[in-house]
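Read through the structure below, which is laid out as structure tokens, and then see the notes.
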There are 2 protein chains.
Amino acid sequence: MRILLIEDERELAEALSVALGKHGIVTDHTMHLADAVELTRQNLYDAILLDRRLPDGEGLSFIPELRRTGKDTPIIVLTALNEPRQRVEGLDLGADDYLGKPFLVEELMARLRAVLRRPPSLAELKIMAGRLVIDPLHLSVTVDATPLDLPRRELLVLSALARRKEKTVLRSTLEAAVYNYEEEIQSNALDAHISRLRKRLIDASAGVTIHNIRGVGYLMKEE
Amino acid sequence: MRILLIEDERELAEALSVALGKHGIVTDHTMHLADAVELTRQNLYDAILLDRRLPDGEGLSFIPELRRTGKDTPIIVLTALNEPRQRVEGLDLGADDYLGKPFLVEELMARLRAVLRRPPSLAELKIMAGRLVIDPLHLSVTVDATPLDLPRRELLVLSALARRKEKTVLRSTLEAAVYNYEEEIQSNALDAHISRLRKRLIDASAGVTIHNIRGVGYLMKEE
DNA sequence: CCACAAGGGTTGCGGCAGCATTGCGGAGCT
DNA sequence: AGCTCCGCAATGCTGCCGCAACCCTTGTGG
């Protein structure tokens, strides 16, 4: 469980970080909205705790900004601006809860739990081919929902082919998918991967076959 | 939009009903818990507003009762019992929000909107894997109902893996689950945690195993 | 129909990167 | 002070993967 804390009072942030840590929550802390945007780009947080008065502006402005990037991470606003009207403002901008300072850590935890109980349904991108389901972000492959673990390079070949199934993939494209520009290749390593991959796909009866297009590249077909 | 209001002060209920009506919300009202159960059986509400002190008992007891029937209708508790401790109690019983009386209708509306924004989904408070039951927000792990206490970092690793059991979890994802961006790691600390965790899982015969996916990450399997 | 060449397929081997395990010591908590 | 947690580092091991040798397939020209 990992959250982002956007808060400019250093002492409070420190204390919260420690307190949440005792509850098994890892906290990233920043004081600036600009950094916060960057951090959410790099990490997937379970929730965000947001102060309103910040050195570089009104914290609430962060909410639409985040939502615009397609993230529906739960946000709890923590602030001394605790008039009912201000609470309405925060909630209607897209916050999931609004807690006035000062507060008890226990209540914050309870509200966090309440908010996290309703998990955001992130649609994970998957590639399907035959009976295979490939999740390229998590590097996982399943055949009829049972996991199939492949060596990393074979998995890279597989997803490059599956992504463009029924279409030929250039040999050079495959090489680019598997090796970075520093890794030179001096033999038929790619062919070897293809070969081993084919065998595994048959063993697992994955419902796909890999065909060669002479002098061009490879082609994945569904059966 | 249709909600259920469980409230014994007739005047407040009347006023709320009218106020919500102006926002296009249809309100069913009852003063008794027994009726409430029956009403939720017959109707699908978008949300439930719940008072605590009721003629026939403590309103909070209604929450687990409702959840047990498989309904995850959002619940907002409205009550004069507004001490932090009482708020924690309500939220941890499964309420989605907790609003102390007196309140402004506008704030109630904003909180309603906030709660309704999130797609309803069965609250998965616990992660199950093998004979393990993990409550990541309360930091508890049990094997066949007997508690197992783990060091904090091992518990973080465990829940990150269990949350995505049968799927590979990237090494970087695990690192992100256990360390924040300030804590640098210069060694195989993560591997060490995995190793110790494995031993404990075996000792406790937890019914799960942790597998390595070379160059990618780890994978938890149930036996 | 055969010869030949070139691209592709398969497989064993060896090096080494990545992983498992464990003891140690410092740090933090009670 | 005694405890546990946890990062660190040393050690041994595993299995991925590049390599290369050899075989197979396809296509072309005579």
Side-chain angles (χ1 to χ4, degrees), chain A residues 14-15 17-24 26 139 141 148-158 160-161 168-203 209-221, chain B residues 139 141 147-161 168-175 177-203 209-221:
Chain A
E14 196 77 19
S17 202
V18 170
L20 292 174
K22 291 194 177 148
H23 289 271
V26 180
L139 293 181
V141 186
L148 172 67
D149 52 302
L150 295 176
R152 196 172 53 94
R153 300 229 129 127
E154 288 176 34
L155 199 150
L156 290 173
V157 173
L158 179 67
L161 286 170
T168 60
V169 182
L170 294 186
R171 205 189 170 76
S172 59
T173 307
L174 282 179
E175 281 168 3
V178 178
Y179 301 95
N180 71 29
Y181 60 99
E182 287 168 326
E183 302 170 300
E184 276 198 39
I185 225 178
Q186 321 205 4
S187 77
N188 62 346
L190 181 62
D191 307 54
H193 288 304
I194 298 261
S195 168
R196 293 193 242 258
L197 183 54
R198 274 173 173 147
K199 188 188 288 180
R200 286 196 224 252
L201 291 178
I202 291 169
D203 289 352
T209 51
I210 300 175
H211 301 264
N212 172 266
I213 310 295
R214 211 155 232 262
V216 181
Y218 291 87
L219 168 62
M220 167 170 291
K221 277 191 186 166
Chain B
L139 286 187
V141 185
L148 172 68
D149 54 306
L150 294 175
R152 195 174 58 94
R153 300 230 127 127
E154 287 177 35
L155 197 147
L156 290 172
V157 172
L158 178 66
S159 51
L161 285 170
T168 57
V169 182
L170 295 188
R171 207 187 170 75
S172 59
T173 306
L174 283 178
E175 280 167 4
V178 179
Y179 302 95
N180 73 26
Y181 68 99
E182 288 168 326
E183 303 171 297
E184 276 198 39
I185 232 181
Q186 319 205 4
S187 77
N188 60 348
L190 180 62
D191 307 52
H193 288 304
I194 298 261
S195 171
R196 291 178 185 130
L197 184 54
R198 274 175 173 146
K199 189 187 287 179
R200 285 194 226 254
L201 291 178
I202 291 169
D203 289 351
T209 50
I210 299 175
H211 300 263
N212 171 266
I213 310 294
R214 204 158 242 256
V216 181
Y218 291 87
L219 169 63
M220 167 170 291
K221 279 192 187 166

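Here is how names work: the chains are called A, B, and so on, in the same order as the sequence lines, proteins then strands, and each is numbered from 1. What you see is a predicted model; the values in this text were computed from it and never measured.
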Decide, yes or no, whether a salt bridge links Asp149(B) with Arg200(B) under the criterion of side-chain N to carboxylate O below 4.0 Å.
no
For [X], which contact category applies under a 4.0 Å heavy-atom criterion: base, sugar-phosphate, or nothing?
| X | value |
| --- | --- |
| Asp191(B) | base |
| Arg196(B) | base |
| Arg214(A) | base |

Taking every heavy atom of Met220(A) against every heavy atom of Leu158(A), the minimum-distance pair comes out as CE-CD1, 3.7 Å
Starting from the C-alpha separation in whole Å, work towards a yes-or-no answer on side chain to side chain contact (heavy atoms under 4.5 Å, CB included) for Tyr218(A) and Thr173(A).
CA-CA 10 Å; Tyr218(A) 291 87; Thr173(A) 307; over 6 Å; no
Whole-Å distance between [N] [atom2] and [X] [atom1]?
| X | N | atom1 | atom2 | value |
| --- | --- | --- | --- | --- |
| Arg153(A) | dG15(D) | CZ | P | 19 Å |
| Leu190(A) | dC16(D) | CG | P | 18 Å |
| Arg171(B) | dG18(C) | CZ | C1' | 8 Å |
| Leu174(B) | dG18(C) | CG | C1' | 15 Å |
| Arg152(B) | dC3(D) | CZ | P | 23 Å |
| Leu201(A) | dG9(C) | CG | P | 14 Å |
| Leu197(B) | dC5(D) | CG | C1' | 14 Å |
| Leu150(A) | dG15(D) | CG | C1' | 14 Å |

OP1 or OP2 of [N] sitting under 4.0 Å from any side-chain N/O of [X]?
| X | N | answer |
| --- | --- | --- |
| Ser187(B) | dC8(D) | yes |
| Tyr218(B) | dA20(C) | yes |
| Lys199(A) | dG9(C) | no |
| Tyr179(B) | dG7(D) | yes |
| His193(A) | dG18(D) | yes |
| Ser195(B) | dT21(C) | yes |

Separation between CZ of Arg198(B) and CD of Glu154(B), rounded to the nearest 0.5 Å
12.0 Å
Walking DNA chain D from its 5' end, the first of Ala192(B) and Glu154(A) to be reached, judged by nearest nucleotide, is Ala192(B)
Counting only distance, no hydrogens or angles, is the base of dT22(C) paired donor-acceptor with the side chain of Asn188(B) under 3.5 Å?
no
Would you kindly compare Arg198(A) and His211(B) by the position of their nearest DNA chain C nucleotide and give the one closer to the 5′ end?
Arg198(A)
Please examine the side chains of Asp191(A) and Arg171(A), heavy atoms only from C-beta on, and report whether any two atoms are closer than 4.5 Å.
yes
